[in-house]
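Below is one structure, written out as structure tokens, with a few remarks after it.
The first residue of the sequence shown is numbered 1, and numbering continues consecutively from there.
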Amino acid sequence: MADRKIKWGIVGLGNIASQFASDLLFIDDAELTAVASRDISKAELFAEKFGALRMYNSYDLLFEDSEVEIIYIATPHNSHAELSIKALEKGKHVICEKPMSLSYNDAERMIEASKKNNRFFMEAFWTRFIPSIQDILQKLNNGIIGDVNYIKADFAFHGSETENKRLFDKELGGGALFDIGVYPLFLSYILLGNPKEIIAKAIKHKNDIDLQTSMLLQYESAQSVLHASIVSESDMKASIRGSKGRIELNSPWFVADGYSLFINDEKEASFTLPTLGKGYSHEIMECHNCIRNNQIESKLWSHQNSLDLSKIVEEIKKEIKLPF
């Protein structure tokens, strides 16, 4: 069975979908069977570039394609829930680009559709599967820096309303929190779990989306200081500190090709752990592993993990009064 290619469809053919499709080419047992865009010329160009066998000008037509087994949903945030649910109801496995939805209620509906239709579903948190994060989690579980008591992480860049229209579009779920703030929140969550308290402050656009948001997550004996911005730059490093030392992830930390380990403020070692391709390849391999083993969720990034993170984001959304 492992020799059989798993047949993919891609819905929404923007920049992230192009990066994903590029990484799909690294996976020997993957086939890009079909792609869909509401602009058929865009679908034709995408199909030609990445070797897709078929192209559609309708998402529904792709969902009806009997050969497609799993669909990668890379449309704007506001459409994730409905498209994921529709694909699951058509019997497709689904990996949906993060954030999986703009509300916790929608996240619950998506998970319920996966269970009801007995189809694999995963939020596409690619960072969870890259080698650096996998290695760090193992070392932290072995207590290499003692008890983690402080995390500092940010994701920030200078976006343009003319060049990055989606980022600033309220109707599409734009803004810093949902587009990139979920990354530092993810890091805090996988290392420390659900916080006891969240404090968040934002600077808003005239249309009420957040241009930048700073977040403090309070735990029993730890804190995470996190930041996201689409109007200013940062070094995009992440620091994980414990009672015995610290780990510094290379920039950009969310796709780090390695990290440095410090014990008692002395540099102990540097580790180089490059990704395969851009890094989406690792989550693709996880999807294949789950499908071949008849799992409807990943053990590394489970349904509950996505729900937990969605609930954290929901609390911040309410605190900074986002309109979604």
Side-chain angles (χ1 to χ4, degrees), residues 77 80 97-107 123-128 133 136-137 140 147-159 167-168 170 173-205 207-242 246-249 251-256 301 304-324:
H77 309 330
H80 286 179
E97 193 49 63
K98 43 85 335 256
M100 62 189 287
S101 68
L102 294 175
S103 75
Y104 182 73
N105 286 341
D106 277 347
E123 182 181 19
F125 240 111
W126 61 316
T127 301
R128 176 62 182 88
I133 293 295
I136 283 171
L137 287 172
L140 291 174
D147 296 325
V148 175
N149 51 35
Y150 177 68
I151 295 169
K152 181 179 180 294
D154 58 18
F155 191 152
F157 61 89
H158 196 278
L167 279 176
F168 295 85
K170 182 171 71 172
L177 175 63
F178 278 97
D179 206 77
I180 54 179
V182 291
Y183 281 97
L185 288 168
F186 153 83
L187 185 66
S188 182
Y189 169 72
I190 60 166
L191 297 180
L192 295 171
N194 292 305
K196 292 172 64 68
E197 184 183 359
I198 300 172
I199 299 169
K201 296 291 182 183
I203 293 174
K204 298 287 199 64
H205 188 277
N207 68 7
D208 223 23
I209 64 164
D210 64 317
L211 297 172
Q212 63 184 51
T213 296
S214 294
M215 301 157 281
L216 171 64
L217 275 57
Q218 179 79 25
Y219 296 85
E220 192 68 47
S221 56
Q223 291 178 324
S224 295
V225 177
L226 314 171
H227 179 71
S229 175
I230 57 173
V231 292
S232 62
E233 296 180 356
S234 72
D235 58 14
M236 292 202 277
K237 293 180 179 178
S239 180
I240 304 162
R241 296 172 185 253
R246 73 182 191 273
I247 286 172
E248 303 280 352
L249 278 158
S251 176
W253 70 264
F254 50 89
V255 64
W301 189 245
Q304 190 60 52
N305 292 150
S306 287
L307 288 173
D308 286 347
L309 184 60
S310 179
K311 184 166 281 188
I312 292 169
V313 175
E314 183 88 348
E315 185 172 337
I316 296 168
K317 179 181 81 171
K318 290 177 180 176
E319 183 157 344
I320 64 175
K321 297 179 174 61
L322 286 182
F324 310 129

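Pairs passing the salt bridge (charged side-chain N to carboxylate O under 4.0 Å, His left out) check and including a residue from residues 220-233, sequence neighbours excluded, read Lys196-Glu220. Here salt bridge (charged side-chain N to carboxylate O under 4.0 Å, His left out) pairs that include residues 304-315, with residues two or more places apart or in two chains, are Glu314-Lys317. The salt bridge (charged side-chain N to carboxylate O under 4.0 Å, His left out) analysis of residues 148-157, with sequence neighbours excluded, yields no pairs.
Among residues two or more places apart in sequence or in another chain, the side-chain hydrogen bond (donor to acceptor under 3.5 Å, both in side chains) test is passed with Trp126 by Tyr183. Partners of Ser101 according to the side-chain hydrogen bond (donor to acceptor under 3.5 Å, both in side chains) rule, which considers only residues two or more places apart in sequence or in another chain, do not exist here. Residues satisfying the ring pair (Phe, Tyr, Trp, His ring centres under 6.0 Å) criterion with His205, sequence neighbours excluded, are absent altogether. Qualifying side chain to side chain contact (heavy atoms under 4.5 Å, CB included) partners for Pro252, counting only residues two or more places apart in sequence or in other chains: Met236, Phe254, Val255. Checked against side chain to side chain contact (heavy atoms under 4.5 Å, CB included), Val148 has the following partners two or more places apart in sequence or in another chain: Leu140, Ile145, Ile151, Leu192, Ile240. Judged as a ring pair (Phe, Tyr, Trp, His ring centres under 6.0 Å), and not counting sequence neighbours, the contacts of Phe178 are Phe324. Applying the side chain to side chain contact (heavy atoms under 4.5 Å, CB included) rule to Ala202 yields the partners Asp210, Thr213, Ile320; only residues at least two apart in sequence or on another chain are considered. For the side chain to side chain contact (heavy atoms under 4.5 Å, CB included) test, residues two or more places apart in sequence or in another chain that qualify with Glu197 are Ile199, Gln218. Remark: Lys170 engages no residue in a side-chain hydrogen bond (donor to acceptor under 3.5 Å, both in side chains) (not counting sequence neighbours).
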